[in-house]
Amino acid sequence: NPELVYEKIAYLTFDDGPSENTGNILDILDRYNVKATFFVNGKEGDANEERYRQIVERGHSIGLHSYTHDFGQVYESMESFSQDTERIRTYIQAVTGVDSHIYRFPGGSSTTRTTHMLEYIDYIQSNGFEYYDWNVSSGDAAPVTLTPEEIKENVMNGVTGHNRVIILMHDSAVRDTTVEALPIIIENLFNEGYEILPIVETTTPVHHTVN
Ligand code: ZN
């Protein structure tokens, strides 16, 4: 049926920030009037605190991505995991006023850095959080820095055939090409008919298969 209209939704997610590129990412999102989701770590100091506040004040979702992002520490034990989760939750609440219950595991829930992921998932879900993996990766965390064109190609190849995409990107001082790719990614998503939305607590998650 050629008249059938499918709703296409894309969620842009930026992990590991804030960073010296947060402001650049926010400026681009503002230019396109697009709201995204920032899965942040615990970074201290006035400049970082201002970046968390800017994320919230400019209308984006702030999600939790562990305080330390240190795999050995976060996933050391249930006690360690729960303490880290509470630490980032209370820190972000103190800085921004937002009591975020949106979570992304360091490495995603499919990470092989722990054999106890099912227990951590149970902790997250039984404490009122929801966790969000991704079904499209920009590849921008590759050891060799990708060009903006390569990042854009990864995203657009990944979204092809999917009406609902959660796209993984990174907010990092060393990921300038992600920032350079962002406008063309947004324009390509619009051209392909996607609406771009922030993840909120009612957003249906994408979950990886636990290893
Ligand atoms: Zn990360």
Side-chain angles (χ1 to χ4, degrees), residues 10-26 29 36-45 48-49 51-52 55-56 60-76 80-92 95-96 98 100-117 120-121 123-124 129-146 150-151 154-155 158 165-179 181-182 185 198-199 203 205-211:
Y11 301 90
L12 301 175
T13 68
F14 297 92
D15 285 14
D16 301 356
S19 78
E20 287 170 19
N21 268 323
T22 304
N24 297 327
I25 293 169
L26 290 171
L29 296 171
T37 305
F38 290 78
F39 286 101
V40 298
N41 300 126
K43 301 189 184 183
E44 290 161 17
N48 285 317
E49 291 186 6
R51 289 168 184 144
Y52 295 117
I55 289 169
V56 170
H60 305 285
S61 288
I62 195 157
L64 313 176
H65 188 46
S66 83
Y67 196 93
T68 66
H69 208 291
D70 180 317
F71 291 100
Q73 197 173 324
V74 174
Y75 296 137
E76 183 183 4
S80 180
F81 179 79
S82 60
Q83 282 177 355
D84 179 277
T85 302
E86 271 306 286
R87 188 178 179 199
I88 186 65
R89 186 186 70 78
T90 55
Y91 181 57
I92 294 305
V95 172
T96 69
V98 175
S100 177
H101 280 73
I102 296 168
Y103 190 84
R104 174 170 283 163
F105 291 99
S109 69
S110 56
T111 183
T112 54
R113 304 292 192 106
T114 173
T115 55
H116 297 277
M117 181 55 73
Y120 302 143
I121 288 173
Y123 174 88
I124 284 293
F129 297 91
E130 183 53 271
Y131 71 98
Y132 292 83
D133 289 310
W134 56 91
N135 56 3
V136 174
S137 174
S138 68
D140 69 347
V144 176
T145 302
L146 301 188
E150 288 170 326
I151 293 170
N154 286 341
V155 170
V165 289
I166 298 183
I167 301 168
L168 173 65
M169 293 180 284
H170 290 84
D171 171 4
S172 162
V174 297
R175 303 288 172 204
D176 292 331
T177 59
T178 301
V179 179
L182 186 54
I185 288 171
I199 291 173
T203 301
V206 163
H207 288 165
H208 290 167
T209 302
V210 175
N211 282 294

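If you're wondering where the values come from, they're calculated on a predicted model, not measured in any experiment. Both ligands and their constituent atoms are indexed starting at 1 by order of listing.
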(message) If you consider just the N/O/S atoms, which atom of Asp16 is the closest one to the Zn ion (ligand 1)?
(response) OD1
(request) Give the minimum heavy-atom separation between His69 and Val74, together with the two atoms involved. (result) N-CG2, 4.1 Å
(request) Assess Asp15: does it contribute an N, O or S atom lying under 2.8 Å from the Zn ion (ligand 1)? (result)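 Short answer: no, not a single N, O or S atom is under the cut-off.
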(message) I'd like to know if the side chain of Thr112 pairs up with that of Asn211 as donor and acceptor (distance under 3.5 Å, no hydrogens or angles considered).
(response) no
(request) Assess the side chains of Asp70 and Thr68: does a donor N or O sit below 3.5 Å from an acceptor N or O? (result) no
(message) Need one value: angle at the Zn ion (ligand 1), His69 atom NE2 versus His65 atom NE2, rounded to 10 degrees.
(response)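 Here the angle at the metal atom is close to 90°, to 10°.
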(message) Is the terminal nitrogen or CZ of Arg87 (NZ for Lys, CZ for Arg) located under 6.0 angstrom from the six-membered ring centre of Tyr67 and within 45° of that ring's axis?
(response)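 Here Arg87 passes the 6.0 Å and 45° test against Tyr67.
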